[in-house]
Amino acid sequence: MTFFRTIILVLTILHFSSCDNLQKKTQFEFRKGDLIFQDLNSDSISDAIESVTGGEKKLNFSHVGMVDIDSKGKIYVLEAISKGVSLTSLDSFLIRNNKVAIGRLNNKLDSRIDAAMTYGKSLLNFPYDNIYVIGDSSYYCSELIYEMFVNTGDSTEVFQLNPMTFKDNQSGEYLPFWVEYYKNLGVEIPEGKPGLNPNGMFQSQNIEIVLPYGIHQFN
């Protein structure tokens, strides 16, 4: 009997220890302009984005937003999501998935953050770009951040555009998801058109990863 009580006691301690570890919060100080990369592995479109953009490093990011901090210290994320360009509280952002990494712009770019954020906020409520083509009045997540810096009055590009692909890197064929996706939209797949994505931005030489990829809860 004593043996079983000991076993139960040990299991109880392990259980609460495990729960405590899961609840531990990351000590991290956000700065305005930080880029928060998110692994949204909860739906098929996120998986499809990761499949064609992860590259050899097999990165898992399908979303990115930029951190803003108000006068009271509350943290928000400026982002383009399905409902359009939005300013979302950090808590609400992390509810979707707290598997994130944080990138910080190089010091030489600090002077551009305020202007970029001002321009980004002027786009609030603009529609989401579900075709993923740059140059219209709708925005997908990485396109929004790209345009924010293009419109800061400095022609230097923080992030580079590259030809987009919607093909499997092994077979060279279009992923069935994208074939069906664009068929339903009634438009051609924008293969080869200029664009960018969270996984590509994550590898930019103009940012430093100050919080590596992982499951994070913040104070």
Side-chain angles (χ1 to χ4, degrees), residues 24-41 46 49-50 52-71 73-81 85-94 96-121 123 134 139-164 194-219:
K24 283 183 179 179
K25 294 188 176 182
T26 302
Q27 299 294 323
F28 180 81
E29 184 177 350
F30 282 97
R31 294 184 190 175
K32 182 177 180 179
D34 282 349
L35 298 175
I36 181 165
F37 296 89
Q38 190 173 46
D39 178 0
L40 289 175
N41 56 3
S46 297
I49 290 171
E50 293 171 11
V52 295
T53 66
E56 293 181 359
K57 294 186 178 181
K58 296 182 179 180
L59 298 173
N60 296 312
F61 301 113
S62 51
H63 187 55
V64 62
M66 179 171 282
V67 169
D68 188 29
I69 304 175
D70 70 12
S71 59
K74 186 169 182 179
I75 301 171
Y76 294 88
V77 181
L78 184 61
E79 58 176 347
I81 51 179
V85 179
S86 306
L87 195 60
T88 307
S89 71
L90 178 64
D91 288 344
S92 296
F93 185 92
L94 294 173
R96 295 183 210 134
N97 201 319
N98 61 351
K99 293 165 67 176
V100 300
I102 309 297
R104 183 161 293 161
L105 292 163
N106 293 342
N107 292 337
K108 64 181 181 180
L109 300 168
D110 284 350
S111 61
R112 299 178 62 182
I113 290 174
D114 285 342
M117 188 65 71
T118 297
Y119 180 75
K121 287 182 179 178
L123 301 176
I134 285 179
Y139 300 88
Y140 59 88
C141 64
S142 44
E143 176 188 8
L144 171 65
I145 294 171
Y146 172 81
E147 293 290 352
M148 286 166 63
F149 282 98
V150 167
N151 286 277
T152 58
D154 187 332
S155 60
T156 302
E157 291 185 339
V158 181
F159 301 105
Q160 300 293 322
L161 298 178
N162 291 290
M164 295 188 296
L196 68 173
N197 58 76
N199 286 319
M201 294 173 71
F202 182 82
Q203 300 175 79
S204 170
Q205 295 181 350
N206 289 315
I207 66 172
E208 175 188 1
I209 303 305
V210 291
L211 187 68
Y213 174 70
I215 299 174
H216 298 289
Q217 293 185 2
F218 300 96
N219 289 329

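- The two residues Arg96 and Ile81 come nearest to each other via the heavy atoms NH2-CD1, 3.7 Å.
- Here the side chains of Lys121 and Asp68 are in contact, with some heavy-atom distance below 4.5 Å.
- For the side-chain contact (heavy atoms from CB on, under 4.5 Å) test, residues two or more places apart in sequence or in another chain that qualify with Ile113 are Lys32, Leu105, Asp110.
- Side chain of Asn98 to main chain of Leu94: no donor-acceptor pair is present (N/O by atom type, distance under 3.5 Å, no hydrogens or angles).
- Contact check for Val85 versus Leu78: side-chain heavy atoms found under the 4.5 Å cut-off.
- The shortest non-hydrogen separation linking Asn199 to Asn60 is OD1-N, 3.7 Å.
- Ile75 places none of its side-chain heavy atoms less than 4.5 Å from the side chain of Phe93.
- Atoms CZ and CD, from Phe159 and Gln203 in turn, are 12.0 Å apart once rounded to the nearest 0.5 Å.
- Between Val158 and Tyr146, the closest side-chain pair of non-hydrogen atoms is not below 4.5 Å.
- Applying the side-chain contact (heavy atoms from CB on, under 4.5 Å) test to Lys74 and every residue at least two apart in sequence or in another chain returns Asp70, Tyr76, Ser89.
- In this structure, Asn206 contributes its side chain and Lys108 its backbone to no donor-acceptor pair below 3.5 Å.
- Summarising the geometry of Met148 relative to Ala116, their closest heavy-atom pair is CE-O, 3.3 Å, with the distance given to 0.1 Å.
- In this structure, the side chains of Phe28 and His216 stay at 4.5 Å or more apart for every pair of heavy atoms.
- Among all heavy-atom pairs drawn from Met117 and Val67, the shortest one is CE-O, 3.2 Å.
- The side chain to side chain donor-acceptor pair (under 3.5 Å) check on Thr152 picks up Arg112, with sequence neighbours excluded.
- Closest heavy-atom contact between Leu144 and Glu79: CD2-C, 3.6 Å.
- The aromatic ring centres of Tyr213 and Phe202 sit 6.0 Å or more apart.
- Residues Ala101 and Pro212 approach most closely at CB-C, 3.9 Å, considering heavy atoms.
- Note that CG of Asp91 and CZ of Phe218 are 10.5 Å apart. Values are rounded to the nearest 0.5 Å.
- Ser142 places a side-chain N or O within 3.5 Å of a backbone atom of Leu196 that can act as its donor or acceptor partner.
- In terms of modelled atom types and a separation under 3.5 Å, the side chain of Asn106 and the main chain of Leu109 share no donor-acceptor contact.
- Atom CG in Leu211 sits 11.5 Å away from atom CD in Gln27 (nearest 0.5 Å).
- Rounding to the nearest 0.5 Å gives a distance of 12.0 Å between NE2 of His63 and CG of Asp39.
- Looking only at side-chain heavy atoms (C-beta outward), Met201 and Phe61 stay at 4.5 Å or farther from each other.
- Judged purely by atom type and a 3.5 angstrom limit, Ser86 has no side-chain atom pairing as donor or acceptor with the backbone of Thr88.
- The shortest distance between side-chain heavy atoms of Phe30 and Leu90 falls below 4.5 Å.
- At a threshold of 4.5 Å between non-hydrogen side-chain atoms, the residues Ile207 and Phe37 count as touching.
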